[in-house]
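In this text the structure is predicted, and so the values were computed from the model without any measurement.
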Amino acid sequence: MFIRKLGGAARLSDEEREAIAHLPVTVRPLGPHQDIVREKDRPSQCCLLLEGWACRYQLLSEGKRQIFSFHIPGDIPDLQSLHIRVMDHNVCTLSSAVVAFIPHEALLDLTAAFPAIAAILWRDTLVDGAVFRAWMTGLGRRTACEAVAHLFCELYLKLQAMGLARDYAYRLPLTQLDLGDALGLSNVHVNRTLRELRGKDLITLHGGTLEIYKWQELADSCDFDPAYLHLERRTA
């Protein structure tokens, strides 16, 4: 998954692929809603998501949760811990997951030995920032329908780039609560919005699978422009 993710941004040499394949890792299966790393932690390793979904989030003092990002296989949600010692947010699983833990020391050695890999990881953090900006725009300026539609389009293209979605359909193990905590919407508002999108025959969401019936119409409804994802390979 790591090689596939990095190879989507730039061509890797055989030597670089070999070095990545031989990184020392500890692989652990995790259940849903388990914290991988917590705010105030000082981690000595990064987590690579091999299977399942995860998110970054913070809890307010009254227990309210704000989700900052969703993560799919191939992502390293806590890559910044490689250079920022103290975590300022939490990372948790949203579904059953398999996570590979890579020691910081090994990643630092890898990037020192292969500057091209360091550049790809730096690029990944820049794309991460672009996604944050898109989410901020959504929280501040999009209607509920626009925000949900935009998120569904974003997730489809990210999953498609990793070979995890096709034919405008993908597994979506997110609850209405997860969607609301990401988009600043109540459960009732999320439910109403999903009904509205279904009523327009744009999507169906059943049994944890999202199907997009009218991609272009859904994208047009929320002014979705995938340029901020900087995906080198996409077909939608």
Side-chain angles (χ1 to χ4, degrees), residues 1-6 20 23-107 121 124-125 127-128 131-132 135 139 148 151-152 154-156 158-159 161-165 170-187 190-191 205-210:
M1 274 297 175
F2 195 25
I3 290 173
R4 179 165 193 154
K5 174 70 175 273
L6 298 184
I20 294 169
L23 282 170
V25 298
T26 302
V27 177
R28 289 177 52 199
L30 298 175
H33 312 299
Q34 282 191 243
D35 280 334
I36 301 172
V37 62
R38 294 185 177 94
E39 187 175 1
K40 306 300 183 186
D41 280 354
R42 295 174 176 267
S44 60
Q45 56 193 1
C46 288
C47 62
L48 167 65
L49 196 59
L50 299 178
E51 297 177 15
W53 287 53
C55 73
R56 296 187 186 118
Y57 75 97
Q58 273 188 336
L59 285 177
L60 302 181
S61 57
E62 64 269 30
K64 294 180 181 178
R65 179 180 65 162
Q66 178 62 53
I67 290 177
F68 302 125
S69 55
F70 293 121
H71 294 278
I72 62 171
D75 286 351
I76 304 181
D78 62 345
L79 183 60
Q80 70 274 17
S81 72
L82 195 59
H83 297 291
I84 298 177
R85 291 186 178 181
V86 182
M87 291 293 293
D88 57 23
H89 61 277
N90 310 281
V91 178
C92 79
T93 59
L94 291 169
S95 65
S96 295
V98 177
V99 178
F101 294 93
I102 310 171
H104 285 170
E105 183 179 358
L107 278 173
L121 292 176
D124 194 57
T125 63
V127 174
D128 208 30
V131 174
F132 271 120
W135 277 43
L139 286 169
V148 172
L151 178 61
F152 286 169
E154 174 184 302
L155 292 175
Y156 177 72
K158 289 180 67 177
L159 287 161
M162 291 299 295
L164 299 172
Y170 57 93
R171 291 288 299 165
L172 185 69
L174 305 180
T175 65
Q176 291 186 15
L177 180 62
D178 294 331
L179 292 172
D181 286 352
L183 302 175
L185 302 172
S186 68
N187 239 9
V190 171
N191 186 275
L205 181 56
H206 181 71
T209 296
L210 177 76

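Taking the side chain as every heavy atom from C-beta outward, Phe132 and Phe68 approach each other to under 4.5 Å. In this structure, the side chains of Val148 and Val190 stay at 4.5 Å or more apart for every pair of heavy atoms. Under the 4.5 Å side-chain criterion, counting only non-hydrogen atoms from C-beta, Cys92 is in contact with Cys55. Here the side chains of Pro24 and Pro103 are in contact, with some heavy-atom distance below 4.5 Å.
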Test log, rule side-chain contact (heavy atoms from CB on, under 4.5 Å), inputs Val86 and Arg42: CA-CA 5 Å; Val86 182; Arg42 295 174 176 267; 3.6 Å; yes

Go through Leu177 and Arg65 one step at a time and tell me if the side-chain contact (heavy atoms from CB on, under 4.5 Å) criterion holds. CA-CA 10 Å; Leu177 180 62; Arg65 179 180 65 162; 4.1 Å; yes

For side-chain contact (heavy atoms from CB on, under 4.5 Å), just list the numbers for Leu185 and Leu179, CA-CA rounded to whole Å, side-chain angles, deciding distance to a tenth of an Å, and then say yes or no. CA-CA 8 Å; Leu185 302 172; Leu179 292 172; over 6 Å; no

Thr93 vs Ile36, side-chain contact (heavy atoms from CB on, under 4.5 Å): CA-CA, chis, key distance, verdict: CA-CA 7 Å; Thr93 59; Ile36 301 172; 4.0 Å; yes

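For Lys158, the side chain to side chain contact (heavy atoms under 4.5 Å, CB included) partners two or more places apart in sequence, or in a different chain, are Ile72, Asp75, Glu154, Leu229.
Screening Gln66, Lys40, Gln80 for a side-chain hydrogen bond (donor to acceptor under 3.5 Å, both in side chains) with His89, the sole residue that qualifies is Gln80. A side-chain hydrogen bond (donor to acceptor under 3.5 Å, both in side chains) with Tyr57 is found for one member of Asp35, Asp181, Asp178 and no other, namely Asp35.
For the residue pair Cys47 and Val99, the shortest heavy atom distance occurs at CB-CG1, 3.5 Å. Closest approach of Leu49 to Ala54, counting heavy atoms only: CD2-N, 3.9 Å. When all heavy atoms of His33 and Leu94 are compared, the closest pair comes out as CE1-O, 3.9 Å. For Met162 against Pro73, the heavy-atom pair with the smallest separation is CE-O, 3.4 Å. Annotation for Thr209 and Arg171: closest pair OG1-NH1, 3.2 Å, computed over non-hydrogen atoms. The two residues Leu139 and Ala182 come nearest to each other via the heavy atoms CD2-O, 3.8 Å.
In this structure, Met1 CE and Ile76 CD1 are separated by 13.0 Å, a value rounded to the nearest 0.5 Å. Between atom CG of residue Leu48 and atom CG of residue Leu23 there is a gap of 9.5 Å, rounded to the nearest 0.5 Å. Rounding to the nearest 0.5 Å gives a distance of 10.0 Å between CG of Leu79 and CD1 of Ile84. We find the CG-CZ distance between Leu172 and Phe70 to be 8.0 Å, quoted to the nearest 0.5 Å. Residue Phe2 holds its CZ atom at 11.0 Å from CG of Leu50, rounded to the nearest 0.5 Å. Atom CG of Leu121 and atom CG of Leu82 lie 8.0 Å apart (nearest 0.5 Å).
No donor-acceptor pair under 3.5 Å is formed between the side chain of Ser95 and the backbone N or O of Gly52. The closest donor-acceptor contact from the side chain of Ser96 to the backbone of Gly31 lies at 3.5 Å or more, if one exists at all. Remark: side-chain polar atoms of Asp78 are not paired, donor with acceptor, to backbone N or O of Cys46 under 3.5 angstrom.
Side chain to side chain, Asp128 and Thr125 fail the donor-acceptor criterion of an N or O pair below 3.5 Å.
The neighbour count for Glu105 CD, taken as heavy atoms of other residues, nucleotides or ligands under 6.0 Å away, does not exceed 12.
A salt bridge is absent between Asp88 and Arg56: the closest approach of a Lys/Arg side-chain nitrogen to an acidic carboxylate oxygen does not fall below 4.0 angstrom.
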